[in-house]
Peer 1: 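Here's a structure for you.
Chain letters run A, B, ... following the sequence lines, proteins first and then strands; every chain starts at 1. Quick caveat: nothing in here was measured; it's all calculated off a predicted structure.
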Protein chains: 2
Amino acid sequence: MGRNRATLADVARRAGLSKTAASMVLNGREGTRLSAEAHQRVFAAAEELGYRPNLAARSLRTRKTATIAFVSDIVATTRFAGDLIRGALDAARERDHVLLITETQGDATFEQYAIEAVLDRQVDGVIYAAMATRRLTVPAAILGGPVVLLNATSPDGLPSVVPDDEGAGRSVAAALLELGHRDAIALIGRNRLKEDDPEVSLAARARLRGIRQTLDEANVSLLAECFCAEWLPEHGYAAMRGLLSKPKRPSAIICMNDRLAFGAYQALGEAGLTVPEDISVISFDDDPIAAWLRPSLATTALPHEQMGRRAVELLLDGGAAEPALVPMPLRRRRSLAPPAA
Amino acid sequence: MGRNRATLADVARRAGLSKTAASMVLNGREGTRLSAEAHQRVFAAAEELGYRPNLAARSLRTRKTATIAFVSDIVATTRFAGDLIRGALDAARERDHVLLITETQGDATFEQYAIEAVLDRQVDGVIYAAMATRRLTVPAAILGGPVVLLNATSPDGLPSVVPDDEGAGRSVAAALLELGHRDAIALIGRNRLKEDDPEVSLAARARLRGIRQTLDEANVSLLAECFCAEWLPEHGYAAMRGLLSKPKRPSAIICMNDRLAFGAYQALGEAGLTVPEDISVISFDDDPIAAWLRPSLATTALPHEQMGRRAVELLLDGGAAEPALVPMPLRRRRSLAPPAA
DNA sequence: AGTGGTCGCTAAACTGATTTAGCAGAGCAT
DNA sequence: ATGCTCTGCTAAATCAGTTTAGCGACCACT
């Protein structure tokens with residue numbers, strides 16, 4: 001890979017100057033007293049030789065690599081990982097940095113390995129990402145340098161970037177109230193584990209808090225709350241069937257994520273009910289299926305790309321200590337309507 | 001990041017030997033005549049100091065970085081990207097390598113930038129990945145070192161890894177024939193652009209060829225073939241409605257991907273038809289929605305994780321010149337049944 | 001006694017950049 | 001003539017490894 005590239009010495013020789021001079025000119029050092037003509041000659045020589053600095057040599061000296069480590073627990077399982085990475089990639093490129101990606105798979109041995117691998121490569125900083133918004137403790141080994149938590153917070157008060165799930169909860173509730181839904185709103189996706197253990201999820205509790213707050217302010221209480229062991233379609237399906245078997249049919253359903261909503265749609269379809277004429281549905285995440293459903297599903301989008309970007313910005317440009325809350329925009333779609341008269 | 005680490009010189013000093021000796025011992029060099037005792041002392045010293053070599057210094061000399069570049073056109077748009085990366089990540093870790101990820105976004109400027117960034121970092125090889133299986137031409141600049149194409153082939157005959165779409169086509173057709181479907185099989189997702197332009201897709205043509213071949217051998221011809229402008233749910237929905245409006249109802253549907261099948265399910269649901277009792281459905285990709293649908297969708301899985309893994313293996317361990325075809329396993333699920341009597 | 005070979009190890013060069021310390025010459029005042 | 005400052009530039013050290021060339025001691029053989 002890239003043999004016989006011109007070196008700084010080649011450039012200097014061609015410009016008839018010393019390596020020192022060439023280095024200073026190319027790095028745009030202030031306060032050097034090299035003549036305009038010397039600058040000229042160095043630039044010309046570098047251009048002619050197609051000079052590109054050897055970054056290994058540079059970082060040996062400077063201890064900077066223009067490389068950021070992106071360490072995550074699991075990159076593959078959720079389709080959102082790509083967006084997180086893409087946002088980070090974009091922001092990194094803008095700052096002339098590059099991303100080194102590793103995965104711990106939630107395994108301590110792999111984590112150890114991943115940390116060593118990135119430390120050995122002298123990365124300039126680490127983005128420690130979680131695929132589900134949660135609290136975690138970062139391995140002590142990486143605390144030697146800059147770290148930003150992505151989609152996670154830590155007890156250590158490290159800089160972090162998380163979605164504004166509480167705000168999303170408020171938006172969702174407000175959207176229903178606005179349409180006139182009041183006393184027949186049901187919630188699908190309560191989950192004690194997710195709500196009570198911040199190491200499992202921070203989203204569940206925050207979303208619930210947002211919903212409650214807005215409903216309380218309007219003096220509305222939920223018609224029903226369904227607990228689900230997981231936030232998967234089958235659980236949404238079961239919950240929805242449960243709701244439909246009760247005497248009072250809800251006018252609107254809030255699902256804690258789009259996959260639950262997908263399951264709810266299936267149950268509604270089987271029951272011969274129509275969204276949104278019979279029942280409105282609104283949800284969280286903006287998974288691609290939300291737009292594919294019929295009718296398309298209103299939801300609040302996890303701003304993963306934004307978050308990835310913010311993490312890099314925080315890491316390289318520095319920033320506030322308290323968690324950066326990235327807003328979750330409401331996607332108004334066809335699954336919303338006023339309650340049936 | 002990682003200041004004050006022990007250096008090789010520290011290890012050597014502590015072991016009472018030269019840097020040369022320490023280096024040779026730690027690298028397990030054969031044919032050196034260092035005593036067993038010297039080995040011992042070096043290992044002990046390295047262990048005690050928690051020595052880890054500085055990879056920048058090493059690669060300055062050796063021109064090896066134990067780093068692989070993963071350059072792709074678009075990492076985020078498909079949910080499969082994560083699997084590709086994960087497979088590559090796993091295989092890389094097993095070989096003590098790490099992945100540098102960049103994205104070209106199909107933009108020439110970004111591509112140029114990405115190539116330079118990875119070349120500057122002296123990566124040991126490049127995996128050039130496409131998110132849709134297709135033919136592409138790789139930028140000349142990276143041809144200086146090892147390159148493997150992932151999910152793509154090139155006219156230059158570079159080593160490449162692609163899914164066996166033709167085999168998948170055969171599996172899909174065979175699965176239907178096996179159940180007794182013969183003269184009422186319809187196909188959703190024909191698309192001239194995808195079939196005719198290898199730079200857009202290689203999958204469409206290969207899948208079609210596989211299907212045709214197996215049906216031909218059984219002397220069966222397709223009842224209908226629906227063209228779709230894109231392989232998205234809405235197009236599958238429209239195609240399915242079209243099919244249902246015709247006099248002869250199909251007994252089974254082959255969809256060119258799961259998203260089309262998702263759309264087809266929606267149309268079937270609306271028409272009051274049941275899968276698989278009224279109509280069987282089978283498809284390609286094994287998108288997560290396939291398992292979430294009711295009934296779960298039989299499909300052939302894109303082996304993205306395997307592919308990512310193979311790419312790294314090919315890059316580092318070397319391998320055949322012809323494209324490595326990774327089999328697409330058939331996932332038998334609930335959407336299949338014998339034709340209604 | 002001289003020659004050659006093996007053993008166990010090391011000094012020093014080398015990779016390609018950055019950075020520190022400082023030199024030569026010009027101009028000017030004393 | 002001396003000292004001083006300023007300008008424009010460079011030699012050499014440095015980063016932390018790998019690699020080449022070779023040294024001294026010891027033994028065997030002629």
Peer 1: Examine C/dG16: is either OP1 or OP2 under 4.0 Å from a nitrogen or oxygen in the side chain of B/R61? Give yes or no.
Peer 2: no
Peer 1: Which distance, rounded to the nearest 0.5 Å, do you find between the CG of B/L89 and the CD of A/E103?
Peer 2: 5.5 Å
Peer 1: Need to verify one output field. Residue with the more 5' nearest nucleotide on DNA chain C, A/A22 or B/G16?
Peer 2: B/G16
Peer 1: Phosphate oxygens OP1/OP2 of C/dT18: is one of them under 4.0 Å from a side-chain N or O of A/N27?
Peer 2: yes
Peer 1: If only side-chain N and O atoms of B/R63 are considered, is one of them under 4.0 Å from the OP1 or OP2 phosphate oxygen of C/dG16?
Peer 2: yes
Peer 1: Please report the C-alpha distance between A/D83 and A/Q306 in whole Å, then the side-chain angles of each, then the deciding distance to 0.1 Å, and finally whether the side chain to side chain donor-acceptor pair (under 3.5 Å) criterion is met.
Peer 2: CA-CA 8 Å; A/D83 292 321; A/Q306 275 298 319; over 6 Å; no
Peer 1: Under a 4.0 Å N-O cut-off, is there an ion pair linking A/R5 with A/D10?
Peer 2: no
Peer 1: Using a distance-only criterion (donor-acceptor N/O pair, under 3.5 Å, no hydrogens), is the base of C/dG8 paired with the side chain of B/R33?
Peer 2: yes
Peer 1: If you count heavy atoms of other groups shown closer than 6.0 angstrom to CD of B/Q40, is the number above 12?
Peer 2: no
Peer 1: Check the phosphate of C/dA17 against A/S59, side-chain N and O only, distance under 4.0 Å to OP1 or OP2. Yes or no?
Peer 2: no
Peer 1: Hey, is the side chain of A/S23 poking within less than 4.0 Å of OP1 or OP2 on C/dT18, counting only N and O atoms?
Peer 2: yes
Peer 1: On DNA chain C, does the nearest nucleotide to A/A57 precede the nearest nucleotide to B/R41 from the 5' side, or the other way round? Give the residue.
Peer 2: B/R41
Peer 1: Within the modelled atom types, does a donor on one side and an acceptor on the other bring the side chain of A/T7 and the base of C/dT15 under 3.5 Å apart?
Peer 2: no
Peer 1: Looking at the base of C/dT19, is there any donor atom on it, or on the side chain of A/T20, that sits under 3.5 Å from an acceptor on the other one?
Peer 2: yes
Peer 1: Any idea which of C/dG16, C/dA17, D/dT18 is nearest the A/K19 side chain?
Peer 2: C/dA17
